[in-house]
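A short worksheet on the structure shown next.
Quick caveat: nothing in here was measured; it's all calculated off a predicted structure. Residue numbers start at 1 and run along the sequence shown. Basis for what follows: all heavy atoms, side chains included, without hydrogens, waters or symmetry-related copies.
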Amino acid sequence: MKLKMLESMAGRDFSLSVGEVTDRFSDKEAARFIKVGLAERAPVEPVKKPDTKKEWDDERAKLLEENARLISENEAAKSREAELAGQIEALAAFKATVVTALGENPGVQETTDAVTLPETRG
């Protein structure tokens, strides 16, 4: 169900302003927001179909352009995801190296425990 927000609202992965129309919530959540006055059901906007071949062609061109943009964004997101996965893998390897080094040289932990801060030195 589409809602028109009567109050601003934000969450971990979204932000909605007064007057903004959204369909991000389940019907159950939407009904609850309407009941407590946070939103109202968004008016249904009639869909205007193109009348002429030129209007159909223009609409098709817009949709193809939007589709190409979304494909490009998706490819960029996949690339970024692969890059981040590589960074996570590198960090995991670094962590394993540090854990192994500390395990092989337990004196490192003892040394850091014995360090005193300048303000505690007498």
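A salt bridge does not link E65 to R69: none of the charged nitrogens lies less than 4.0 Å from a carboxylate oxygen. We find that D58 and K62 are not joined by a salt bridge, their nearest charged nitrogen and carboxylate oxygen being 4.0 Å or further apart.
With a 4.5 Å cut-off on side-chain heavy atoms, Q87 and E83 count as touching. At least one side-chain heavy atom of L3 sits less than 4.5 Å from a side-chain heavy atom of I34. Counting heavy atoms from C-beta outward, E89 and L84 have side chains that stay 4.5 Å or more apart. Here the side chains of V98 and K95 are not in contact, with every heavy-atom distance at 4.5 Å or above. With a 4.5 Å cut-off on side-chain heavy atoms, R24 and L16 count as touching. T22 is not listed as a side-chain neighbour of K2, based on a closest heavy-atom distance of 4.5 Å or more.
Nearest heavy-atom pair across P50 and E59 is CG-CB, 4.3 Å. Residue S8 comes nearest to S17 through the heavy atom pair OG-CA, 3.8 Å, listed as atom of the first residue, atom of the second, then distance. Between A42 and V21, the shortest heavy-atom distance links the atoms CB-CG1, 3.8 Å.
Enclosure of atom CZ in R41 is not indicated, since only 12 or fewer non-hydrogen atoms of other residues, nucleotides or ligands lie within 6.0 angstrom. The number of heavy-atom neighbours closer than 6.0 Å to CD of E45, taken from other residues, nucleotides and ligands shown, is 12 or below.
Side-chain atoms of T97 come within 3.5 Å of backbone atoms of A93 as a donor-acceptor pair (strictly under, hydrogens ignored). In terms of modelled atom types and a separation under 3.5 Å, the side chain of S79 and the main chain of E75 share no donor-acceptor contact. The backbone N or O of M1 sits nowhere less than 3.5 Å from a side-chain atom of D23 that would complete a donor-acceptor pair. A distance-only check finds a donor-acceptor pair linking the side chain of S26 to the backbone of E29 [under 3.5 Å]. No side-chain donor-acceptor contact under 3.5 Å links E81 to the backbone of A77.
M9 and V36 fall within the same hydrophobic cluster, where Ile, Leu, Val, Met, Phe, Trp and Tyr residues are linked whenever their side-chain heavy atoms come under 4.5 Å apart, directly or through other members. In the hydrophobic clustering of ILVMFWY residues, with side-chain heavy atoms under 4.5 Å counting as a link, L63 and I71 come out apart.
Here the CZ-CD distance, from F33 to E7, works out to 12.0 Å after rounding to the nearest 0.5 Å. The CD atom of E20 sits 8.5 Å away from the CE atom of M5 when rounded to the nearest 0.5 Å.
The ring-ring contact (aromatic ring centres under 6.0 Å, His included) search around F94 returns none, not counting sequence neighbours.
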